[in-house]
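So the structure is just underneath, and the comments pick up after that.
Throughout, protein chains are lettered first and strands after them, A, B, ... in sequence-line order, and every chain is numbered starting at 1. What you are looking at is a predicted structure, and each value in this text was computed from that prediction instead of being measured.
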2 protein chains.
Amino acid sequence: MSKRLASIAPVALDDTDRALLAALAQDARQPVSELARVVGLSAPSTAERVRRLEAQGVIERFTVQIDPRALGFTLQAIVRVKPLPGQLHLVEEVIRRIPEFVECDKVTGDDCFICRLYLHSIEQLDEILSKVTERAETSTAIVKSTPVARRLPPLG
Amino acid sequence: MSKRLASIAPVALDDTDRALLAALAQDARQPVSELARVVGLSAPSTAERVRRLEAQGVIERFTVQIDPRALGFTLQAIVRVKPLPGQLHLVEEVIRRIPEFVECDKVTGDDCFICRLYLHSIEQLDEILSKVTERAETSTAIVKSTPVARRLPPLG
DNA sequence: GATGAAATCCCTGTAAT
DNA sequence: ATTACAGGGATTTCATC
């Protein structure tokens, strides 16, 4: 089943949509009745809006945000990965298979991949990167703090 | 305003917790009754588990995942930012204030910040980075694809 | 054509086993 | 942890603007 392509024209949001998305970003499990109260609409209209935003593809999904530290992932690293000649696809596959790589983007420029890693310890960093370093050069940065945690893009 | 520290000992999850988190990651708005069916427990027990995971800090929040492309953000960039001497705090503040920076980590190493930007066009990249380049050196990579979209860390 | 209102149905939370 | 029960929320239909 192919994902729906984003329409050529971006979806235009009104103030109500923006308030709705902000409220859902804060707590996606709150009841429609509560959302309705927040945005100042009736419950059916509010439910209809949410459905429309899903159908338009603005809402990809409702999900849960996990705190990795609570699970013992005390360390976070951002690794730039530059595959050796001919190893690009294999490297991508290796990254995809290692669950500690929680995010990976393929980018322009010298470093082909930029990835985020969750780790239990500094020793584990070596352990995991060793599966990649045979096939790529890596450059690692340890996360010290997160001035901006993943947030919504501007909705205006 | 200090956030709760992760407990010294990481939270131990059992198979039911793992199934629950996976189901919630897929659709955080599904009713407890449905979750109960999925994990093979009664509804009250399931609701209790969800509450416990929240109280333990494993679940940070329930949120909504927006597709930036549906809103016209056709471009995504990852920018490394190295503030000039004495400009570190100001640079951090500038980044925090620009909503197109949807994510920013402070890291070890030569580049102080690694940020993710959502953009409507390549022209907007210049426009936004110009607010930073007076106070920092930047290095920009355009995202071509995302082999691993933000996923849950290993729960085992 | 979309919003608000009412009725039915289902879900959630509580208490007791 | 489950079952039963009481209360509240969600969805559908209908009427309205």
Side-chain angles (χ1 to χ4, degrees), chain A residues 1 4-67 70-72 152 154-156, chain B residues 4 7 9-67 69-72 152 155-156:
Chain A
M1 170 187 127
R4 217 160 65 72
L5 288 172
S7 45
I8 314 284
V11 174
L13 304 177
D14 63 16
D15 290 346
T16 306
D17 291 324
R18 280 187 274 273
L20 202 49
L21 290 174
L24 284 168
Q26 206 173 4
D27 179 8
R29 274 188 77 79
Q30 58 187 309
V32 171
S33 59
E34 177 65 17
L35 291 169
R37 206 186 53 74
V38 170
V39 304
L41 251 59
S42 70
S45 304
T46 305
E48 167 65 26
R49 291 251 184 182
V50 175
R51 273 193 295 271
R52 210 192 58 209
L53 288 168
E54 286 188 81
Q56 287 172 328
V58 174
I59 294 177
E60 247 180 69
R61 60 215 258 255
F62 300 102
T63 187
V64 62
Q65 196 177 315
I66 301 287
D67 182 356
L71 299 177
L152 289 186
L155 302 176
Chain B
R4 216 162 65 72
S7 45
V11 174
L13 304 177
D14 65 14
D15 290 346
T16 305
D17 291 325
R18 280 187 275 272
L20 202 47
L21 290 173
L24 285 169
Q26 205 171 5
D27 178 10
R29 273 189 77 79
Q30 59 187 307
V32 171
S33 58
E34 177 66 17
L35 289 170
R37 208 186 52 73
V38 170
V39 304
L41 251 61
S42 69
S45 306
T46 305
E48 166 66 27
R49 292 247 183 183
V50 175
R51 273 191 296 271
R52 210 192 59 210
L53 289 168
E54 285 188 81
Q56 288 172 326
V58 174
I59 293 178
E60 246 180 68
R61 62 214 257 255
F62 299 101
T63 189
V64 60
Q65 197 177 315
I66 302 287
D67 182 356
R69 290 168 307 175
L71 298 178
L152 290 187
L155 303 176

Residue A/Ala47, side-chain heavy atoms: nucleotide from D/dT11, C/dG13, C/dT3 that is nearest: D/dT11
Rounded to the nearest angstrom, tell me the gap between atom CG in A/Asp17 and atom P in C/dA2. 13 Å
Length of the line joining B/Arg52:CZ and C/dG13:P, which is rounded to integer Å: 16 Å
Under 4.0 Å between any heavy atoms, over every strand shown, what does A/Pro31 touch: base, sugar-phosphate, or nothing? Just pick one. sugar-phosphate
The side chain of A/Ser45 is closest to which nucleotide in this list: D/dG9, C/dT3, D/dT11? C/dT3
For B/Leu41 and C/dT12, what is the distance between atoms CG and C1' respectively, to the nearest whole Å? 16 Å
Run the salt-bridge test on A/Glu54 and A/Arg51 with the 4.0 Å N-O cut-off and return the result as yes or no. no
Between P on C/dC11 and CG on B/Leu35, what's the gap in Å once rounded to a whole number? 12 Å
Can a side chain N or O of B/Ser33 be found less than 4.0 Å away from OP1 or OP2 on C/dT12? yes
Is there a side-chain contact between B/Arg29 and A/Val32 in this structure, where contact means two heavy atoms from C-beta onward sitting under 4.5 Å apart? yes
Figure out the CG/P separation between A/Asp14 and C/dA2, and round it to whole Å. 13 Å
Assign B/Ser42 to base, sugar-phosphate, or nothing according to its heavy-atom contacts below 4.0 angstrom with the strands shown. base
Could you give the CD-to-P distance, from B/Glu34 to D/dA10, as a whole number of Å? 17 Å
Does B/Gln26, at its CD atom, have more than 12 non-hydrogen atoms belonging to other residues, nucleotides or ligands within less than 6.0 Å? no
Within a radius of less than 6.0 Å around CD of B/Glu34, do more than 12 heavy atoms belonging to other residues, nucleotides or ligands occur? yes
To the nearest angstrom, the CZ-P distance between A/Arg37 and D/dG9 comes to 11 Å
Can you tell me the distance, in whole Å, between the CZ atom of B/Arg29 and the C1' atom of D/dG9? 11 Å
